[in-house]
Structures are given as C-alpha cells and as structure tokens.
Enquirer: 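The structure's right below; bear with me while I get my questions together.
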Amino acid sequence: MIGKVYLTYMDYYDLRTKTTRKKSRPVLVVGGPRNDDYTVLPISTISKRQNLDSDYDILVDAAERTVLSLDKECFIRTHKQTPMHQAQLIKCLGDMRTDLPDLYLDAISRMEQFQAEVLNNAI
C-alpha cells in the first residue's frame, strides 16, 4: 500500500451548516501498517490560495493527475500527516511510488523536512 493513492472519506467541519460532514478525498499512503493503521498525506484542491504552503504543498501537474486518476488541480499536503485505518482506504487510484517515482520521492523528502523543522522548533 505504501506509495499508492487511495480514495477515502474524511471528516470536515462545514461552516455553513455548523456540522461535521464527510467528503471523498484522495490520499497518498506514506507509512504503515501499524495496528491496521496507515499514515497518509491528503491530496487537496486548495481552493483558497492563501492557504497554500509554498514549502510543503506540491502541485500534481496535469500529466501526473491523469496517471493517478485525479481530475482536478490538486496538491499533496506533505505537512498534514494523518493516521487512517485500512478500512477507510476505499479504492486504489494509482501507484505513485511505481508510476511517478520523482513525485513520490519529492513528497517523502518534503514530509521529512517538515518533521525535522517541527523537531528543531520543539527543542
């Protein structure tokens, strides 16, 4: 599963209805399994560009999106690691590690860079 992109359902807070809702979202599996949990990075459209992190959000270009069965402009959010139970990984959309190794290695590198930054700031 490591390196694969899956479709999943994730909770989010809807400001309009003031309720927690679910939406489908692709994720990149980057770690696990441990107790049937995986570590994933969300892949998001980021409609509000002021929320884009220039250091840690990676644009998935049009050709890469085609390989991964993604239809909208989106970004890998390498600073937003999330644990996810394997049952939440609904459908495999593609294998980034095999089919797009440069993109996969860039995502892992930036994720590790973010982790190092967090650790350095904690000391």
Enquirer: Quick check for you: to the nearest 0.5 Å, what is the distance between Q115 atom CD and T78 atom OG1?
Expert: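 If I round to the nearest 0.5 Å, the distance is 9.5 Å.
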Enquirer: Would you be so kind as to tabulate the donor-acceptor pairs closer than 3.5 Å made by side chains of residues 57-70, with sequence neighbours excluded?
Expert:
from	atom 1	to	atom 2	distance (Å)
D57	OD1	R77	NE	2.8
D57	OD2	D53	N	2.7
D57	OD2	R77	NH2	3.1
D61	OD1	A63	N	3.1
D61	OD1	E64	N	2.9
E64	OE1	D61	N	2.9
R65	NE	K72	O	3.2
R65	NH1	V60	O	3.0
T66	OG1	A62	O	3.1
S69	OG	L93	O	3.4

Enquirer: Quick one: salt bridge (Lys or Arg N to Asp or Glu O under 4.0 Å) partners of R34, sequence neighbours excluded?
Expert: none
Enquirer: Taking C-beta and beyond as the side chain, do D106 and I76 meet within less than 4.5 Å on heavy atoms?
Expert: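 Contact flag for D106/I76 side chains = no.
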Enquirer: Hydrophobic clusters here meaning ILVMFWY residues chained together by side-chain heavy-atom distances under 4.5 Å, can you tell me if M96 and L89 are in one?
Expert: yes
Enquirer: Side-chain contact test, heavy atoms from C-beta onward, threshold under 4.5 Å: evaluate it for Q81 versus L41 and give yes or no.
Expert: yes
Enquirer: Using 0.5 Å steps for rounding, measure from the CZ atom of F75 to the NZ atom of K80.
Expert: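 Going from the CZ atom of F75 to the NZ atom of K80 covers 14.0 Å.
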Enquirer: Locate the shortest heavy-atom distance separating I43 from C74; write the atom from each residue and the value.
Expert: CG2-SG, 3.6 Å
Enquirer: If you measure from CZ on R25 to OH on Y12, what distance do you get to the nearest 0.5 Å?
Expert: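 Those atoms lie 10.5 Å apart.
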Enquirer: Closest approach of L7 and S24, non-hydrogen atoms and distance?
Expert: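 What the structure gives for the nearest pair is CD1-CB, 3.9 Å.
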Enquirer: Does a side-chain heavy-atom distance below 4.5 Å link M10 with T82?
Expert: yes
Enquirer: Other members of the hydrophobic cluster containing Y9, with the 4.5 Å side-chain heavy-atom rule, please.
Expert: I90
Enquirer: Can you pull out every salt bridge (charged side-chain N to carboxylate O under 4.0 Å, His left out) where at least one residue sits in residues 9-19? Sequence neighbours excluded, please.
Expert: D11-K22, D14-R16, D14-R21
Enquirer: Check whether any side-chain heavy atom of I108 lies under 4.5 Å from a side-chain heavy atom of M111, and answer yes or no.
Expert: yes
Enquirer: Considering only residues two or more places apart or on different chains, which pairs with a residue in residues 17-51 satisfy ring pair (Phe, Tyr, Trp, His ring centres under 6.0 Å)?
Expert: none
Enquirer: Closer than 3.5 angstrom, by distance alone: can the side chain of S54 be matched with the main-chain N or O of L52 as a donor-acceptor pair?
Expert: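 Side chain of S54 to backbone of L52: no pair is present.
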Enquirer: Residues in ring-ring contact (aromatic ring centres under 6.0 Å, His included) with F114, at least two apart?
Expert: Y56, H79
Enquirer: Report the residue from V30, L28, V29 that forms a side-chain contact (heavy atoms from CB on, under 4.5 Å) with I2.
Expert: V29
